[in-house]
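Written below as structure tokens is the structure these notes are about.
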Amino acid sequence: MRVGIDAGGTLVKVAYSEDSGIRFAKYPIAEIERVAEWINGLKDAEVCVTGGKSGVLKSFLAESVGEMVEFEATRLGVQFLLVQMGRSDDAYLVTNVGTGTSIHCIQGNMQERLGGTGIGGGTLIGLSHLLTGLTDFDEIVRLASQGSRERIDLKVKHIYEGKEPPISGELTASNFGQNLFSVSGDLSKEELLATVIGLVGETVSTISVQAARHCRSSTIIYIGSSFIGNSLLKEVVESYTILRGSTPLFLENGEFSGAVGAMISLH
Ligand code: ATP
Ligand code: MG
């Protein structure tokens with residue numbers, strides 16, 4: 001059995017070979033010791049770990065295991081998952097919206113980190129919690145999908161009142177930029193959560209399309225657990241990426257890219 005583990009800031013992702021296929025599992029980082037116990041109980045397993053918390057995971061392991069640089073594991077995993085989707089792309093950007101967001105240009109076997117932003121899945125959960133008290137990711141995402149950003153985000157057309165704006169009036173001029181002092185007590189959780197997701201989605205797609213100028217491709221592959229069950233975030237990211245002339249792609253099981261890359265590095 002081959003096992004790849006990507007221990008990130010928020011979630012531990014596991015990919016392992018079984019019955020000629022790949023199985024996936026994920027756990028909150030607080031349960032990292034449970035993952036270690038599972039590995040310690042395996043017989044005849046080859047293990048490779050990656051991610052910012054791989055050192056913590058290793059400290060709980062009984063035997064030594066392989067370790068891999070996160071960006072390299074992600075590149076390998078994305079390449080593998082693309083082939084599984086029947087694609088043969090050679091050059092593309094990868095934007096990993098994890099706890100934070102990291103952007104990479106991949107050309108063949110080369111990868112270069114182009115940048116990133118602290119606005120990511122951690123921001124999604126953190127700001128959502130501060131604004132609504134909610135703690136559960138699935139609930140945050142579900143309520144957000146029922147909300148409208150109309151009363152909270154300021155659009156270009158709101159600023160260019162009575163005259164033609166130089167860019168689309170429908171674009172966001174300022175996330176959370178409406179005059180909120182008069183309505184703050186009246187806003188629903190759904191509205192606040194939808195606007196948080198708008199902020200995260202517009203920020204990661206804006207910097208991704210800008211980074212695409214420095215990469216020989218306009219295909220942007222979005223991965224990371226922030227997209228799990230989160231069709232609103234996907235919609236925001238997809239529509240903004242297309243508007244700016246790039247091509248978005250959401251990878252099936254993309255959140256497991258690092259774990260898959262670590263797994264297939266074991267021959
Ligand atoms: P990083 O790569 O930045 O070290 P990570 O690898 O842990 O972090 P991901 O697992 O890709 O990051 O994504 C984490 C984000 O996914 C969270 O911040 C949250 O927005 C979202 N998420 C999805 N499902 C869950 C869940 N069950 N519990 C907590 N967060 C979740
Ligand atoms: Mg990660």
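Order of listing sets the numbers, starting from 1, for every ligand and every atom in it. No hydrogens, no waters, no symmetry mates; every other heavy atom, side chains included, goes into these values.
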Q) If we ignore angles and hydrogens, is there a donor and acceptor under 3.5 Å between the side chains of T117 and T101? A) no
Q: Please identify each residue that fulfils ring-ring contact (aromatic ring centres under 6.0 Å, His included) with Y92, with sequence neighbours left out.
A: none
**Q.** Distance-only polar pair, side chains of E191 and S188, donor-acceptor under 3.5 Å
**A.** yes
Ligand 1: protein N/O within less than 3.5 Å of ligand N/O:
unit_1: ligand 1; atom_1: 3 (O); unit_2: T99; atom_2: N; d: 3.1
unit_1: ligand 1; atom_1: 3 (O); unit_2: G100; atom_2: N; d: 3.3
unit_1: ligand 1; atom_1: 4 (O); unit_2: G9; atom_2: N; d: 2.9
unit_1: ligand 1; atom_1: 6 (O); unit_2: K13; atom_2: NZ; d: 2.7
unit_1: ligand 1; atom_1: 7 (O); unit_2: G9; atom_2: N; d: 3.2
unit_1: ligand 1; atom_1: 7 (O); unit_2: T10; atom_2: N; d: 2.7
unit_1: ligand 1; atom_1: 7 (O); unit_2: L11; atom_2: N; d: 2.9
unit_1: ligand 1; atom_1: 7 (O); unit_2: K13; atom_2: NZ; d: 3.4
unit_1: ligand 1; atom_1: 8 (O); unit_2: G9; atom_2: N; d: 3.3
unit_1: ligand 1; atom_1: 8 (O); unit_2: T99; atom_2: N; d: 3.2
unit_1: ligand 1; atom_1: 8 (O); unit_2: T99; atom_2: OG1; d: 2.6
unit_1: ligand 1; atom_1: 10 (O); unit_2: K13; atom_2: NZ; d: 2.8
unit_1: ligand 1; atom_1: 10 (O); unit_2: S225; atom_2: OG; d: 2.7
unit_1: ligand 1; atom_1: 11 (O); unit_2: S225; atom_2: N; d: 2.9
unit_1: ligand 1; atom_1: 11 (O); unit_2: S225; atom_2: OG; d: 3.3
unit_1: ligand 1; atom_1: 12 (O); unit_2: T99; atom_2: N; d: 3.3
unit_1: ligand 1; atom_1: 16 (O); unit_2: S226; atom_2: N; d: 3.3
unit_1: ligand 1; atom_1: 18 (O); unit_2: G121; atom_2: O; d: 3.0
unit_1: ligand 1; atom_1: 18 (O); unit_2: G122; atom_2: N; d: 3.2
unit_1: ligand 1; atom_1: 20 (O); unit_2: G121; atom_2: O; d: 3.0

Show me, pair by pair, the donor-acceptor contacts under 3.5 angstrom made by side chains of residues 166-176, not counting sequence neighbours?
unit_1: S168; atom_1: OG; unit_2: E170; atom_2: N; d: 3.1
unit_1: E170; atom_1: OE1; unit_2: K155; atom_2: NZ; d: 2.7
unit_1: E170; atom_1: OE2; unit_2: K157; atom_2: NZ; d: 2.9
unit_1: T172; atom_1: OG1; unit_2: E202; atom_2: OE1; d: 2.9
unit_1: T172; atom_1: OG1; unit_2: E202; atom_2: OE2; d: 2.9
unit_1: N175; atom_1: ND2; unit_2: E202; atom_2: OE1; d: 3.1

Please set out all donor-acceptor pairs under 3.5 angstrom arising from side-chain atoms of residues 32-45, sequence neighbours excluded.
unit_1: R34; atom_1: NH1; unit_2: E31; atom_2: OE1; d: 2.7
unit_1: N40; atom_1: OD1; unit_2: A62; atom_2: N; d: 2.9
unit_1: N40; atom_1: ND2; unit_2: A36; atom_2: O; d: 3.3
unit_1: N40; atom_1: ND2; unit_2: F60; atom_2: O; d: 3.1

Q) Can a cation-pi geometry be assigned to K234 and F250, taking NZ or CZ under 6.0 Å from the six-membered ring centre and within 45° of the ring axis? A) yes
